Each structure stands twice: as C-alpha cells, then as structure tokens.
Amino acid sequence: MTAGGDTQSGQPLGDDPPLVEIEGLSRRFDVSSAWLNRIVRRESRRILTAVDDVSFRMVRGETYALVGESGSGKSTIAKMIVGLLAPSDGVVRVAGTDPANASGEALAAFRRRVQMIFQDPYASLNPRWRVLDIVGEPMRVFALAKGRVEVERRVGALLEQVGLSAADAAKYPHEFSGGQRQRVGIARALASEPELIVCDEPTSALDVSVQAQVLNLMRDLQRELGLTYLFITHDLSVVRYMADTIGVLYLGRLVESAPRETLFTEPAHPYTRMLLDAAPRLDGFGREHAIDGGEVPDPIRPPSGCHYHPRCVYRVDGCDERYPPVRPIGARTVRCFEAERVLSGTRDV
C-alpha cells in the first residue's frame with residue numbers, strides 16, 4: 001500500500017478508492033418491555049445504542065480488525081456491512097454500493113461480492129445438507145457454474161484449496177471435526193468469488209493448535225486470491241498476526257484506529273492500553289499490571305461525554321461532558337482529549 005493518510009481511519013488508501021467506506025454508522029435497538037407492561041409499571045422506553053457514530057475505510061487486499069470487549073458493537077457492525085442489519089444512521093458502501101438501499105441486480109452483485117465466515121462452525125452449516133450442496137449453493141444462486149458436473153468439479157477444487165479432500169463433498173457436517181467444519185465454512189464463503197469476507201471471530205470456538213492452522217490458511221488464501229478481510233475478534237494475539245489496521249471499539253464508539261505495529265508499540269487511547277495490559281503474556285507470570293477502575297457501564301444508560309471516563313485514570317475536566325472529536329495523529333486517529341499529550345511525551349503513560 002502506498003503512503004497517504006485517511007482522516008477517518010488513519011490507514012493509507014493508496015491511489016485506488018477504498019473498497020469499504022463506513023461513515024457515521026450508528027445502530028439503535030428498542031429493548032423496551034411491551035407497551036402494556038410499560039403503562040402498568042410506568043416505565044419509559046429503553047433504547048440500546050449498539051454502534052455510535054463509527055467511521056473507517058478499508059483498502060483492497062488488507063485486513064482491518066475490530067477489537068473490544070463483549071458488547072462493544074463489533075458483530076453489529078459486521079451485520080450492517082453484509083446487509084443483515086440496516087443502520088439507524090450513517091452509511092455503508094462496499095465498492096460504491098450501499099446494501100441498505102440496493103435492490104435488484106445491484107443487491108445481487110453486492111451479495112456475491114461480500115461473504116461472511118461465522119464464529120460457530122457447528123451452528124453455521126445446515127446439518128441436513130451434504131457439503132456438496134452447502135458449498136455449491138452460492139455457485140448455483142449466482143450462476144457461477146452450469147450443471148451438476150461443473151458444480152461438483154468446482155466444489156471439489158475449493159475443498160482441496162482449503163485443505164480438505166474432494167471426496168469430502170459427499171459427507172454431512174457431523175462427520176467433520178470443528179476445524180474441518182470451519183474449512184467447509186471458508187470454502188462456502190469463497191464459492192461466490194467474493195472481494196470482501198467478514199470474519200466474525202472465526203477461530204474462537206477452535207482449539208489453539210487448530211486456530212493456527214485456520215489462520216495460516218486464511219492468510220494464504222488472501223495472498224492467492226487478493227481478498228480483503230474485516231476481522232472481528234477479542235484475541236489480541238490473533239489481531240497482531242492477522243491485521244494490517246486495527247480499530248478499537250468501546251461501548252459502540254471507535255476510540256482509536258491505527259496500523260498494527262503503531263497500536264501495539266505506542267497505543268494512544270487509555271482503553272487501548274488497558275486491553276494490551278490485560279492480554280496474556282509469555283513473560284507475564286508473577287507480574288502485576290494496573291487495573292482500570294470499574295466495570296463496563298450499562299450500554300442502555302452510558303456515561304455522558306467520553307464513555308470511558310468513569311474507568312479512566314487519565315480523565316480531565318470536560319471528559320464527562322463532551323464527546324471527544326476524532327483527532328488525526330500521525331498514522332492513526334483517536335478520540336481522547338489527552339492522547340496528544342501522551343504521544344508528545346508531555347505526560348507519563
């Protein structure tokens with residue numbers, strides 16, 4: 001990728017337009033009780049803001065990782081990008097197409113272009129279908145193969161590409177291990193010849209040794225096919241291995257976005273530093289790390305201003321009143337009033 005900054009994500013864009021553009025993305029859910037129950041109990045409506053004003057861009061061929069604690073909005077963003085959820089505000093564009101407003105041929109082209117690898121390899125495959133039908137369905141739906149013979153040939157080639165045998169096409173999902181099932185899921189995602197694959201914690205349900213095999217497979221496929229990955233995970237070791245650019249989410253807000261090595265060696269936002277301090281380390285036995293103050297707030301009634309301020313040891317006047325703006329700092333962006341002082345060295349971390 002060539003040099004050049006992006007005001008939203010901080011990653012280089014190069015000469016070509018970005019493949020994915022996320023602008024001001026928000027998603028709210030009404031989690032209120034039934035209307036009659038609210039009247040009887042004199043309750044007000046309860047609105048959960050799962051994603052709040054998120055913006056970033058992805059260039060072709062890169063891996064952009066979203067990290068954060070459970071409930072930070074990672075999977076909700078993924079579902080909006082692939083068109084499974086409509087945004088409450090903001091826009092998603094993949095190769096110029098907004099899935100929330102697309103229809104007809106444009107929507108069909110979008111669905112072929114964007115695929116997803118799910119977290120649970122046991123729940124994401126239809127147990128009543130053979131692998132031939134599971135992997136071959138996108139080929140039939142998008143008319144990428146004509147006739148059963150060609151479908152069988154292409155499915156066999158895909159299975160071999162992901163490390164399985166062409167003979168496995170005749171089997172059912174229950175005949176495979178977890179790692180093998182996830183390879184079937186990867187083959188299904190590849191069947192429509194996509195440009196973007198959204199990976200929603202694709203290795204979290206697998207054993208550690210199997211995780212490494214699947215991650216290596218995904219990197220090899222990315223190099224061979226020129227794929228772009230949106231990688232969602234809470235495992236920072238996976239992020240460091242897979243990602244080119246990392247976005248850190250907290251209570252639905254993107255608080256920092258930076259190139260991988262920049263974020264790991266010089267994190268700017270206090271929440272990012274907390275995540276890195278809390279991650280397991282090979283040399284961490286017996287070492288003590290500072291613990292942030294308190295638990296994750298109620299997402300239905302989040303704190304005012306910067307949502308992280310009740311837990312932040314570096315909070316200053318105004319953190320509880322104002323939402324920090326996006327600040328481009330070098331190759332990154334960050335939402336923190338104190339970040340510039342951290343990076344300039346005027347305050348000890």
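Everything quoted here is computed from the prediction, not taken from an experiment.
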What about [X] and [Y], same hydrophobic cluster or not, with Ile/Leu/Val/Met/Phe/Trp/Tyr joined at side-chain heavy-atom distances under 4.5 Å?
X	Y	result
V210	Y122	no
L221	V131	yes
M116	L227	no
V238	L275	no

Cation-aromatic face contact R113/F142, 6.0 Å, 45 degrees: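 R113 over F142 ring: no.
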Pi-cation contact, Y229 with R219 (under 6.0 Å, within 45°):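 Geometry flag: not set, cation outside 6.0 Å or 45°.
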Any side-chain donor near an acceptor of the partner, [X] and [Y], under 3.5 Å:
X	Y	answer
S209	D207	no
T233	E201	no
H234	E69	no
N216	Y241	yes
E160	S165	no

Close aromatic pair by centroid cut-off 6.0 Å: F231 and Y64: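 No; Y64 has its ring centre 6.0 Å or more from that of F231.
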Using a 6.0 Å cut-off, check whether atom [atom1] of [X] has over 12 heavy atoms from anything other than its own residue.
X	atom1	answer
E105	CD	no
R38	CZ	yes
R223	CZ	yes
R111	CZ	no

I'd like to know if [X] and [Y] make a salt bridge, using a cut-off of under 4.0 Å between side-chain N and carboxylate O.
X	Y	answer
E256	R335	no
R28	D89	yes
R154	E193	yes
D30	R45	yes
R301	D298	yes
R93	D98	no
R188	D133	no

Identified side-chain contact (heavy atoms from CB on, under 4.5 Å) counterpart of V248 within the set L66, L276, V255, V239: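 So, applying the side-chain contact (heavy atoms from CB on, under 4.5 Å) to V248 and each of L66, L276, V255, V239, only V255 qualifies.
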Side-chain touch [X]/[Y], heavy atoms, less than 4.5 angstrom:
X	Y	value
S33	E43	yes
E195	V114	no
H307	P297	no
L230	I197	no
Q115	V198	no
D52	L251	no
T228	M58	yes

Mutual orientation of the aromatic rings belonging to Y250 and Y271 [parallel < 30°, tilted 30-60°, perpendicular > 60°]: tilted
Parallel, tilted or perpendicular: ring planes of H174 versus Y172, cut at 30 and 60 degrees: parallel
Considering all heavy atoms, the nearest A166-G156 contact: CB-CA, 3.8 Å
